Amino acid sequence: MTRTLVAGIGNIFLRDDGFGVETARRLSERPLPAHVEVVDIGVRGVHLAYQLLDGYDTLVLVDATARGEAPGTLYVIEYDGPGGDDNDGAAPAIDGHRMTPDTVLVLLDTLCAGTGGQPPRRVLIVGCEPASTDEGMGLSPPVSDAVPQAVRLIEEVLESGPSAWAQAPAAEAST
């Protein structure tokens, strides 16, 4: 049986950066298939990399994702490896307090090379456009309103399976 890990990441002390943590909390209260595990990773990216060594076929990262749209906009992004406009081709620096998805997955590749483990075959990011990542607790109203929609979106992604995920690298979900 395939195994899926849904990981809520973010810092609850930076307002909307807590989106992934809150979404994972709400998702974990719902009935899910036995092969799906939901965890609150928070800012413990190194922990996530080590947990992935347990062997997961699919990883769904849930995080605040700034892409320039209206706050509360949801995204489903197919992760296809490190890269992007701000990457000069060098491996991301590993800093236990600022573990981006790229950094976690580079660390995982290193750990797998040393242990013979396998990284997940598929990595998806379910992101939400933040309104504020300033210091403070509590999600902004548009991001808070997006959490139940994100839970439903993740449930749909989990239900549809990998064949339905073969879509454009970044798809915007209507909110």
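Count residues from 1 along the sequence. This is a predicted model, so every value here is computed, not measured.
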Identify the two heavy atoms, one from [X] and one from [Y], that lie closest to each other, and give their separation to 0.1 Å.
X: Leu32; Y: Leu27; result: CD1-O, 3.8 Å
X: Pro71; Y: Pro142; result: O-CB, 3.5 Å
X: Phe19; Y: Val126; result: CE2-O, 4.1 Å
X: Tyr75; Y: Thr65; result: CE1-O, 3.5 Å
X: Arg3; Y: Asp54; result: NH1-O, 2.8 Å
X: Pro120; Y: Leu108; result: CD-CD2, 3.5 Å

Practice item. Consider only side-chain heavy atoms of I, L, V, M, F, W and Y, link residues closer than 4.5 Å, and tell whether Val21 and Ile125 are in one cluster. Key: no

Can you list everything that forms a side-chain hydrogen bond (donor to acceptor under 3.5 Å, both in side chains) with [X]? Sequence neighbours excluded, please.
X: Glu29; result: Arg25
X: Gln118; result: none
X: Arg26; result: Glu22

Review item, side-chain donor-acceptor pairs of residues 5-18, under 3.5 Å, at least two apart:
| residue | atom | partner | partner atom | Å |
| --- | --- | --- | --- | --- |
| Asn11 | OD1 | Phe13 | N | 2.8 |
| Arg15 | NE | Gly138 | O | 3.4 |
| Asp16 | OD1 | Ser140 | N | 2.7 |
| Asp16 | OD1 | Ser140 | OG | 3.1 |
| Asp16 | OD2 | Ala131 | N | 2.7 |
| Asp16 | OD2 | Ser132 | N | 3.0 |
| Asp16 | OD2 | Ser140 | OG | 2.8 |
| Asp17 | OD2 | Asn11 | N | 2.8 |

Can you tell me how far the [atom1] atom of [X] sits from the [atom2] atom of [Y], to the nearest 0.5 Å?
X: Thr2; Y: Arg122; atom1: OG1; atom2: CZ; result: 12.0 Å
X: Glu159; Y: Ile154; atom1: CD; atom2: CD1; result: 13.5 Å
X: Leu111; Y: Leu107; atom1: CG; atom2: CG; result: 4.5 Å
X: Ile41; Y: Leu61; atom1: CD1; atom2: CG; result: 9.5 Å
X: Thr58; Y: His35; atom1: OG1; atom2: NE2; result: 7.5 Å

Review point. Counting only N and O atoms by type, is there a donor-acceptor contact under 3.5 Å from the side chain of Thr73 to the main-chain atoms of Glu69?
Key: no

Exercise for review: Go through Glu78 and Leu124 one step at a time and tell me if the side chain to side chain contact (heavy atoms under 4.5 Å, CB included) criterion holds.
Suggested key: CA-CA 5 Å; Glu78 177 88 22; Leu124 295 174; 3.2 Å; yes

Review point. Please, which pairs that meet salt bridge (charged side-chain N to carboxylate O under 4.0 Å, His left out) have at least one residue in residues 133-154, sequence neighbours excluded?
Key: none

**Study point:** Residue pairs, two or more places apart or on separate chains, that pass salt bridge (charged side-chain N to carboxylate O under 4.0 Å, His left out) and touch residues 105-121
**Key:** Asp57-Arg121

Point to revise | Gln51 vs Arg44, side chain to side chain contact (heavy atoms under 4.5 Å, CB included): CA-CA, chis, key distance, verdict | key: CA-CA 11 Å; Gln51 181 161 355; Arg44 300 179 326 269; over 6 Å; no

Check your understanding: Under the criterion side-chain contact (heavy atoms from CB on, under 4.5 Å), which of Pro130, Cys128, Ser144 is the partner of Leu139?
Key -> Ser144

Check your understanding: Is the closest basic N to carboxylate O distance between Arg67 and Glu129 below 4.0 Å?
Key -> no

